Amino acid sequence: MTDPFGFLRTPRRSVPARPADERLGDWREVHAGQACLPLVSEQANRCMDCGIPFCHAGCPLGNLIPDWNAYAAHGDWRAASDRLHATNNFPEFTGRLCPAPCEEACVLAINADPVTIKNVEETIADQAWAHGYTAPVPPDRLSGKAVAVIGSGPAGLAAAQQLTRAGHTVVVFERADRIGGLLRYGIPAFKMEKAHLDRRVRQMRDEGTVFRTGADIGGGTDAARIRETHDAVIVAVGATERRELPVPGRGLRGVHQAMDYLTGANRVAEGDLAAPEVSAEGRHVVIVGGGDTGSDCLGTALRQGARSVVQLDINPEPGPTRPHAHPWPLYPKVYRISHAHEEARGRDGADPRAFSSATLHFEGDPAGRVRALRLTAVEPAGRRPVPGTERVIDADLVLLALGFSGPDRACPLGAQLGLVRDERGGFARTADFAALGAPGRSPDGVFVAGDAGRGQSLVVWAIAEGRSAAAAADRYLTGRTTLHAPIGPRDRPLLQPLDDRTW
């Protein structure tokens with residue numbers, strides 16, 4: 001067990017990031033080369049080993065956090081890795097990319113600083129790779145069943161690994177030229193270097209999973225044919241339908257979707273391009289959208305040498321402490337600083353975000369290129385413009401980071417498989433992840449996992465969905481399953497705010 005007085009004796013200390021001016025000069029991870037030990041073991045020793053570990057509920061994977069905290073505290077990395085991988089296929093992904101709702105649900109967070117669970121998770125995963133604890137786990141026998149997984153993001157990869165290890169022959173189809181989905185081209189290398197993804201793909205290949213890149217299922221290849229040649233299909237194509245900003249001037253040159261911009265930057269990092277087609281170098285950049293994608297654009301623009309960067313967030317600025325409407329263990333809406341925001345603040349000390357701000361229109365030059373953006377302050381309730389607050393800011397590169405609204409509507413994959421959409425724009429499904437079709441015509445043996453069904457979400461939810469959909473597909477194929485199914489398709493994170501009446 002951990003030190004019963006550790007949380008009283010040891011203050012919270014996170015693994016430090018590299019200095020901002022240093023990391024802006026490269027594309028390596030912000031923590032690259034920073035010493036994790038013995039700091040992480042000391043922090044793991046702060047775990048209270050509480051009777052009811054609410055961190056489990058904060059994590060959709062149901063990670064056995066107190067267990068691997070105890071092992072990490074004593075330096076038993078093999079045992080820690082075994083417990084971590086029991087519920088999470090890719091802890092090196094979540095340890096780098098997840099916002100750690102488990103930490104907000106830590107019992108210590110009621111009135112103190114929670115355990116640095118995210119740092120511990122990342123370190124255990126890295127120690128497991130360093131010491132050879134992640135050997136491939138091929139199945140003892142094959143079932144004779146073939147499964148197609150369409151999409152190679154975290155949900156598709158998790159489903160594929162689970163089903164391969166269960167003995168099925170799994171083929172993963174990816175329309176891009178490399179495996180990984182948004183992990184590959186949507187996440188900048190300074191958040192997760194692609195070597196972590198590449199070695200997991202090698203592990204999965206050694207276990208028997210087959211990968212097919214450049215396979216545009218629904219486009220170049222009829223999805224119905226894929227269903228006919230496989231015993232089951234898992235649709236994990238993500239939510240790639242970008243939300244638009246229908247304001248005057250949207251058609252001006254220099255206004256781009258954020259994901260197109262990030263993909264170009266990642267292709268440069270992969271060595272495909274000498275320079276990105278769209279670069280922030282020397283430009284006044286405005287990012288419309290206050291979420292993680294906007295933060296990724298911010299860090300990318302700074303590394304490309306942007307002249308200035310402003311990030312517009314339509315939401316009001318959160319307070320520094322947990323609000324009344326978000327009591328523990330809910331994930332609170334509080335003022336947070338990403339590494340990219342920290343890098344931007346290093347220039348003049350100011351937060352690059354403009355809260356409670358909405359775009360009215362873009363202004364262009366005679367050549368049809370964007371040159372400025374007119375914005376207004378908005379009221380917190382209803383988001384109505386506040387009279388007299390309009391202003392114009394320089395903008396010769398605008399990046400729209402407004403989120404996504406379900407799978408690509410232009411792709412005929414859904415129609416070819418007979419899928420229908422739910423009220424949120426995702427592919428509809430049953431309580432067992434089976435795809436729903438028109439009344440009386442639901443496709444047999446087709447399952448939906450990840451953002452394609454849930455809508456845009458976090459990497460940890462995608463992995464949980466992939467594991468649960470794999471369990472459902474295994475049960476469909478064999479009549480039973482022993483695979484871990486941590487969530488149902490209608491489960492939601494601990495985010496629901498309380499109004500005064502429920503409180």
Side-chain angles (χ1 to χ4, degrees), residues 139 141-175 181 204 208-212 215-238 406-408 411-422 426-454 462-490:
R141 60 181 179 80
L142 295 178
S143 68
K145 303 290 186 180
V147 182
V149 177
I150 305 175
S152 69
L157 291 178
Q161 184 166 66
Q162 292 292 94
L163 290 167
T164 296
R165 290 177 173 180
H168 307 301
T169 300
V170 180
V171 181
V172 177
F173 296 94
E174 169 57 53
R175 65 179 177 181
M204 292 177 65
T209 302
V210 177
F211 294 96
R212 298 277 186 262
D216 185 9
I217 309 302
T221 302
D222 192 322
R225 177 61 178 162
I226 296 296
R227 176 64 190 96
E228 291 170 1
T229 54
H230 294 80
D231 296 290
V233 172
I234 293 183
V235 177
V237 294
D408 185 359
C411 180
L413 178 147
Q416 292 171 2
L417 289 176
L419 311 184
V420 297
R421 295 183 183 251
D422 60 23
F427 290 134
R429 52 199 182 161
T430 69
D432 200 27
F433 292 89
L436 281 172
R441 292 167 33 202
S442 290
D444 181 51
V446 178
F447 301 85
V448 178
D451 291 2
R454 174 170 295 274
I463 296 172
E465 286 246 346
R467 290 173 69 90
S468 296
D474 185 44
R475 188 181 302 107
Y476 167 81
L477 293 169
T478 66
R480 58 186 296 275
T481 187
T482 58
L483 295 180
H484 177 223
I487 61 170
R490 295 179 180 85

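Quick caveat, the model's predicted, so the values are computed rather than measured.
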Provide the closest heavy-atom pair for [X] versus [Y] in the form atom of the first, atom of the second, distance.
{"X": "D422", "Y": "G453", "value": "OD2-O, 3.9 Å"}
{"X": "P154", "Y": "A462", "value": "CG-CB, 3.7 Å"}
{"X": "P139", "Y": "G167", "value": "CB-CA, 3.7 Å"}
{"X": "A464", "Y": "I487", "value": "CB-CD1, 3.8 Å"}
{"X": "G426", "Y": "P407", "value": "CA-CD, 3.9 Å"}

Could you check T169 against V147 for side-chain contact (heavy atoms from CB on, under 4.5 Å), going step by step and ending with a plain yes or no?
CA-CA 6 Å; T169 300; V147 182; over 6 Å; no

Please identify each residue that fulfils side chain to side chain contact (heavy atoms under 4.5 Å, CB included) with [X], with sequence neighbours left out.
{"X": "R480", "value": "T478, T482"}
{"X": "A160", "value": "V149, V170, V172, M204, T209"}
{"X": "D231", "value": "K145, A146, L477"}

Taking only residues two or more places apart in sequence, or in another chain, which ones meet [X] in a side-chain hydrogen bond (donor to acceptor under 3.5 Å, both in side chains)?
{"X": "R165", "answer": "E207"}
{"X": "D474", "answer": "H168, T481"}
{"X": "H230", "answer": "none"}

Using the test salt bridge (charged side-chain N to carboxylate O under 4.0 Å, His left out), find all partners of R421 that sit at least two apart in sequence or belong to another chain.
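So R421 forms no salt bridge (charged side-chain N to carboxylate O under 4.0 Å, His left out) with any residue.
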
Any [X] side-chain heavy atom under 4.5 Å of [Y] side chain:
{"X": "L157", "Y": "E174", "answer": "no"}
{"X": "I463", "Y": "Q161", "answer": "no"}
{"X": "R227", "Y": "P443", "answer": "no"}
{"X": "V235", "Y": "L413", "answer": "yes"}
{"X": "T221", "Y": "D216", "answer": "no"}
{"X": "F173", "Y": "V237", "answer": "no"}

Return the set of residues passing ring pair (Phe, Tyr, Trp, His ring centres under 6.0 Å) with Y476 (not counting sequence neighbours), or none when no residue passes.
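With neighbours one apart ignored, the set is F447.
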
Ignoring hydrogens and geometry, is there a side-chain-to-backbone donor-acceptor pair from [X] to [Y] under 3.5 Å?
{"X": "Q416", "Y": "D222", "result": "no"}
{"X": "S468", "Y": "G488", "result": "no"}
{"X": "Q162", "Y": "A470", "result": "no"}

Hey, could you give me the CG/CD1 distance between L163 and I234, rounded to the nearest 0.5 Å?
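If we round to the nearest 0.5 Å, L163:CG and I234:CD1 are 5.0 Å apart.
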
Under 3.5 Å, which donor-acceptor pairs do the side chains of residues 428-436 form with other protein atoms, sequence neighbours left out?
| residue | atom | partner | partner atom | Å |
| --- | --- | --- | --- | --- |
| R429 | NH1 | V448 | O | 2.9 |
| R429 | NH1 | E465 | OE1 | 2.7 |
| R429 | NH2 | E465 | OE1 | 3.2 |
| R429 | NH2 | E465 | OE2 | 2.8 |
| T430 | OG1 | D432 | N | 3.1 |
| T430 | OG1 | A434 | N | 3.3 |
| D432 | OD1 | R475 | NH1 | 3.3 |

